[in-house]
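Values below: every heavy atom of this structure, side chains too, minus hydrogens, waters and symmetry copies. Treat the numbers as computed from the prediction; the structure is a model and nothing was measured.
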Amino acid sequence: ELIRQGEALKRTEQMVDKMDQDLKTSQKHINSIKSVWGGLVNYFKAKPPESKPEQNGAPEYYANNRLKEAMMSSKEQESKYQESHPNLRKLDNSDNDFNKADLVSSVQRDAYPKNQQLRAYHQKIDNNLDEMSSGLSRLKSLALGLQTEIEEQDDMLDRLTKKVETLDVNIKNTDRKVRQL
């Protein structure tokens with residue numbers, strides 16, 4: 001949603017720039033109509049550069065890299081989580097539990113109580129804490145990416161606000177000049 005809003009802001013900013021360019025052209029025409037001298041000045045002034053047309057009417061907008069990386073990392077972690085979660089994984093992975101148990105080193109086994117039931121319980125708690133840690137790190141990276149994107153869009157909104165205010169003043173001045181004609 002945030003990326004879509006960024007695209008909309010970018011399109012809006014480009015439309016405001018186009019409106020400003022059109023307003024400058026209309027100012028030149030008004031000066032030409034007003035007096036012969038204004039027409040001569042406009043004739044010898046350099047032509048404004050033509051703005052290239054939009055391709056397919058959709059400007060390209062790219063979200064910041066931090067957000068993209070966070071989203072990709074989040075999707076990878078989500079798929080890993082779904083593979084390892086007992087209720088979400090495929091039913092034919094029944095031998096994975098045996099392999100996971102073999103990976104626990106003897107050093108880690110010594111850290112758990114000697115009672116087999118307590119050891120299994122502590123291992124389960126540790127596994128759950130690892131999953132929670134992974135999820136929290138994913139949320140943190142997403143939050144940081146969102147924060148960066150929001151800051152960039154906030155800067156874009158500030159620029160857009162200044163442009164719109166300037167454009168509004170210019171439109172009022174142009175309207176006043178047209179009414180005087």
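Annotation for R179: atom CZ does not count as buried by contact number, only 12 or fewer foreign heavy atoms lying within 6.0 Å. Heavy-atom neighbours of Q117 CD from other residues, nucleotides or ligands within 6.0 Å: at or below the threshold of 12.
Not counting sequence neighbours, the partners of D22 by the salt bridge (Lys or Arg N to Asp or Glu O under 4.0 Å) test are K18. Applying the side-chain contact (heavy atoms from CB on, under 4.5 Å) criterion to T148, with sequence neighbours excluded, gives N64, R66, E152. By the salt bridge (Lys or Arg N to Asp or Glu O under 4.0 Å) test, K163 pairs with E13, D17, sequence neighbours left out.
Following chains of ILVMFWY side-chain contacts shorter than 4.5 Å, one can reach M132 starting from I125, so the two form part of one hydrophobic cluster. In the hydrophobic cluster analysis, where Ile, Leu, Val, Met, Phe, Trp and Tyr join through side-chain heavy atoms closer than 4.5 angstrom, L129 is grouped together with Y121.
With salt bridges taken as basic N to acidic carboxylate O contacts below 4.0 Å, one links R4 and E1.
Interatomic distance, CD1 of I30 versus CD of Q27, reported as 5.0 Å (0.5 Å rounding). Separation of atoms CG (L160) and CD (E165) is listed at 10.0 Å; rounding is to 0.5 Å. The CD atom of Q153 lies 10.0 Å from the CG atom of L146; values are rounded to the nearest 0.5 Å. Taking CG from D175 and CD1 from I171, the interatomic distance works out to 9.0 Å, rounded to the nearest 0.5 Å. Atom OG of S137 is separated from atom NZ of K140 by 8.5 Å, given to the nearest 0.5 angstrom. Note: K28 NZ to K24 NZ = 11.0 Å, rounded to the nearest 0.5 Å.
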Report the C-alpha distance between D168 and K172 in whole Å, list the side-chain angles of each, state the deciding distance to 0.1 Å, and finish with yes or no for salt bridge (Lys or Arg N to Asp or Glu O under 4.0 Å). CA-CA 6 Å; D168 185 48; K172 287 179 181 175; 3.4 Å; yes
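At least one side-chain heavy atom of Q14 sits less than 4.5 Å from a side-chain heavy atom of K10.
Judged by distance alone, the side chain of T161 and the main-chain N or O of L157 form a donor-acceptor pair under 3.5 Å. With hydrogens and angles ignored, the 3.5 Å screen pairs a side-chain donor or acceptor of T12 with a backbone N or O of A8.
Of all heavy-atom pairs spanning L167 and D20, the tightest one is CD1-CA, 3.7 Å.
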